[in-house]
Amino acid sequence: AAPEHNWKVQSFWSPGSVNMKVFQRFAKNVGDMSNGRIKITPLPIGAVVGHTETLDAVAAGILQGHHSGGAYFAGKEPAFQICNELNGAFDNTYQHQLWFEHGGGLALCRELYAKFGAFYVGPVWFGGESMPSKNRLDTVASFKGVKMRSPEGMGASIWRRIGAGVVTLPGSEVFTALERGVIDATDWGTLGMNQDLGYHKIAPFPLYPGFHSAPASEIAINLGIWNKLPADLKAIMVFAVKEFSRDMKQTIEMVDLEAANQAEKQGITLVNWSKEERGKFRAIAMLEWEAWAKKSPMARKIVDSQVAFLRKLKLIN
Amino acid sequence: MSEPDVPRQDLSRLNSVDRISIFVGEKISIVFLISVVFTAYEVIMRYVFNAPTIWVHDSAAALSATGFLLAGTYAMQANRHMRITVVYDIMPKKIQRILDFVQHIFILFFMTLFTYACWKLAVPAVTLMETSAHAWDVPIPAYLKALMVLASGLMLVQAISQLRDDIKKIREVL
Amino acid sequence: MSIEILTLIMLAAMMGLMVIGLPLVFVTGVVSLAFALALYGPMSLTLISSRVYSFVSVYALVAVPMFVLMASILERSGVAKDLFKAMHIFAGGLKGGLAIQTMAVAVLMAAMTGIIGGEIVLLGLVALPQMLALKYDRKLAIGTICAGGSLGTMIPPSIVLIFFGLTASVSIGELFMATIIPGLLLAGLYVLYILIRCHINPELGPPAPIEERDLPLREKLILFRDVAMPLSVAVMVLGSIYGGIASVSESAGMGVIGVLISAKIRKELSWEMLRGALIQTTMTCAVILWLTFGANALIGVYNLMGGIDFVRELISGLPFPPMVIIILMMLILVVLGFFIDWIGIMLLTMPIFVPIIIAMGYSPIWFGILFCMNMQISYLSPPFGPAAFYLKGVAPPEISLQDIYASLWPFMILQIIGIGLVMYFPQLALWLPDYVYNS
Ligand code: NA
Ligand code: NA
């Protein structure tokens, strides 16, 4: 029979990437779990609209859903960045998930997305970002004067705060710029992804495991469509997204693990920060969180909720 | 590809819509020079002083986009938008005039709906004063989306004006 | 309605609108709006404005007007003429020497500009009259200018490769590196062809009279000084990228500063000249960018209709070995090249082709170079051959567009040979970036 719901869901992954394949598995799972009542067509980045415009497209019903990250929409409402992540806040995604499920995070993010015509189904992690560097950068102090590329947003601002010179570059130029020394380091994908791209050859000091960024992307569905869904399909979507997150995280973790295990053989030094330096980084990051909290009432609300939870976890005082 | 040089047109023989299009196109060309100067500044600041700016890349991109968008009407007025004319060229004058008219009907259809689409995009962006959320946190997205309405609106007016000329010319040949 | 039928209707509508001479931006624009409206209703129209917005706000696009501006300023200076004069001393005495010298100048100019058009116009103004005066074979002269002038996007910097890098998310710097050898290979093939033809039949390209070539030493030195200036511009662009000073987009700005300084030293810089160059840049960018807006809108709507999967299945479902699929892609590009320009072709095909190439285990850098070489054919192939259009604009009136097209096919065959070589020996493209980045 024809599906009751035929959804086009655009992601922020490149066609053919490992992440895209996991997303395709999610789409298939939803089809199987709903016995074909929901059919999701998974689309790669930029297929229908640009990656910063998917939320509007979902609200307008051009797309029925998206798989993206809130940082792309922070220009509309700074709180989107906070749902995506507070850089340097949690030690791992498990703690971040605790906040979503037991610290009120999910309800807050759903409230935020609903204001923009979308239902936030659930967070999807894809692992900790690595950071290939030409030199060993293992303390806050070592960042002084380092020229690095970072996607603009909260992360870039924190790098600036600890003394790095942040250079804006299109993604496609990062490799050449790093190789030629226009930049010394780049806040770029996960370890395995970077190894695939050959970053280890030109920047053999990747930060791993990364702590500065492990964002929660999300699945969001057009609010009108969601509200009309029967309870069983809603439950299927919520559970499928949880499974999707697990699958994504573990798939990437395995790829990273393989890359990490090969590192020594390839002459790569994995740079892991001490607890003490992480604490210093977090202390500076907190100044940036506060700066973002001041940007809107909703941002304030979500930052405060997360900070309170971080205190509970004894990550900050 | 590069367009052959743009000859100066005799403005006195053109209607006011044409003159506005030419004015906009010629004046806006300065944005490209400004973005060169900004870029050079960034390279010097970074390479020599190790102090990259936070505003050069965003402003250079916004300046270039401004030039690209507003130049649309300039190219339209000069009839330079790329087309395939193998069939058109072998047609008799009379048919060519009719084809001009048909073309402008299609252009009018496109420009009307496109202007509407730009408007729909711009209203929420301007209402929220959508920013880039970059370190240099200024409402470039709101600005560019609003500019798209202006750029397509100018082209719409230009299309209407050209359609009117077509009708005149058809009357002449028929 | 199935995607197959919708695709056919879409193609037919585009063909129809193209035939009546509607500018391509409106052909793609009208078709995408009409399909969006008919299939998804008025709410979906913002998809088109949204795509234009996303495209136009991409930072890497700042390089486009800058590379065009470099070319426009060069066009207004006497650099081309001086380069040509300097080459004359060396090559004028050879059989076919004037044509070979034209090719050498074309390569040097190509290293300074990222586009085609200006270069063809310049060579058409400087070299064509001289070759015709020497009783060169008209076809050989025309072909040399169109094929040589097209190298502007084959030898770095190249706008085609910038757009390819953006579309395929591969390093523009590596693409620039990779295209150097294939670009020189094409130029080498052209030179070889000219030499062989003129050797067999010296009437095709008689040598220049000795008095034209024999300059006093002092004048020779002056020529060298004039030539050194433009060469420093090329060094400024590529040097700032490979010296680790600037990113690719920024190097375009450095290049403009370079041409401005060299024009100043040559005493050619004036506000009037700069103003003319800027206006021409604006016009060129308007044409290129609006064309992409239309193509971009069309792709968005087609993808929403399920076009990606349809075309991917169509291609990867074919029971052919990978190499045959690549040849098939090349054929599709050639056929599209008859009718539309490179940017339309890129936006239509690359989002589909590149993932397939990667999935088959090939290098997207290598494929980018094949694409770029293929677009060299598209400049020459009728009925939509931009190189022919540009030359027609400055050629003597007795040379018709038909004459020009009739002169181009031997060079198109050489381009196909070049593509074949790079296809069969990927190292022609990949060796240099490998050597630079992995040693
Ligand atoms: Na070039
Ligand atoms: Na062609």
Side-chain angles (χ1 to χ4, degrees), chain A residues 6 8 10 13-17 20-21 24 39 41-57 59-64 72 75 117 134 147 149 152 167-184 196-203 222 224, chain C residues 36 40-41 43-48 50-55 57-61 63 162 164-177 240-250 296 299-301 303-304 306-309 312 351-352 354-359 433 436-438:
Chain A
N6 207 333
K8 302 244 156 55
Q10 184 177 312
W13 303 119
S14 309
S17 63
M20 187 66 203
K21 287 190 184 112
Q24 285 160 341
K39 177 174 184 272
T41 306
L43 295 167
I45 187 167
V48 175
V49 293
H51 63 278
T52 59
E53 307 302 303
T54 55
L55 186 62
D56 286 346
I62 297 170
L63 296 167
Q64 287 70 43
Y72 292 140
K134 293 177 102 75
K147 272 182 279 197
R149 189 263 187 186
E152 280 292 346
V167 180
T168 318
L169 283 174
S172 54
E173 285 192 30
V174 173
F175 190 90
T176 315
L178 189 58
E179 199 275 333
R180 291 286 105 188
V182 177
I183 51 172
D184 313 306
D196 268 357
L197 294 168
Y199 277 105
H200 58 290
K201 292 184 202 153
I202 54 170
N222 173 287
Chain C
Y40 306 103
M43 277 300 271
S44 69
L45 292 181
T46 50
L47 145 63
I48 284 144
S50 165
R51 278 188 81 88
V52 171
Y53 163 75
S54 293
F55 182 74
S57 47
V58 169
Y59 167 65
L61 283 182
I162 292 179
F164 180 85
L166 288 175
T167 316
S169 308
V170 296
S171 158
I172 296 169
E174 265 188 90
L175 286 168
F176 278 13
M177 229 6 140
S240 59
I241 300 176
Y242 298 108
I245 297 165
S247 69
V248 175
S249 320
E250 290 167 344
N296 223 309
I299 289 158
V301 176
N303 284 349
L304 196 58
I308 300 187
D309 286 339
R312 188 190 300 124
I352 299 159
V354 172
I356 297 175
I357 290 294
I358 295 172
V436 170
Y437 293 121
N438 296 332

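What you see is a predicted model; the values in this text were computed from it and never measured. Letters A, B, ... are given to chains in the order of the sequence lines, protein chains preceding strands, and every chain is numbered from 1.
For a residue to count as touching a neighbouring chain, one of its non-hydrogen atoms must lie under 4.5 Å from one of that chain's; by this rule C:Y53 touches chain A with the side chain only. Neither the backbone nor the side chain of C:A36 comes within contact range of chain A, judged by heavy atoms closer than 4.5 Å. For A:A177, no part sits under 4.5 Å from any heavy atom of chain C, backbone or side chain. Contacts of C:L304 with chain A are made by both backbone and side-chain atoms, with heavy-atom separations under 4.5 Å. Residue C:S57 does not touch chain A at all, counting heavy-atom pairs closer than 4.5 Å.
Between A:T52 and C:S54, the closest heavy-atom pair is OG1-OG, 4.5 Å. In this structure, A:A47 and C:N303 approach most closely via the heavy-atom pair O-ND2, 2.7 Å.
With C:L47 as reference, A:V49 is the one residue of A:V49, A:D56, A:L63 to meet the side-chain contact (heavy atoms from CB on, under 4.5 Å) rule.
For the set C:S247, C:G244, C:S249, C:G41, the entry with the most heavy-atom pairs within less than 4.5 Å of chain A is C:G244.
To the nearest 0.5 Å, atom CD1 of residue A:I62 and atom CG of residue C:L45 are 8.0 Å apart. Taken from NZ in A:K8 to OH in C:Y40, the straight-line distance is 4.5 Å, to the nearest 0.5 Å.
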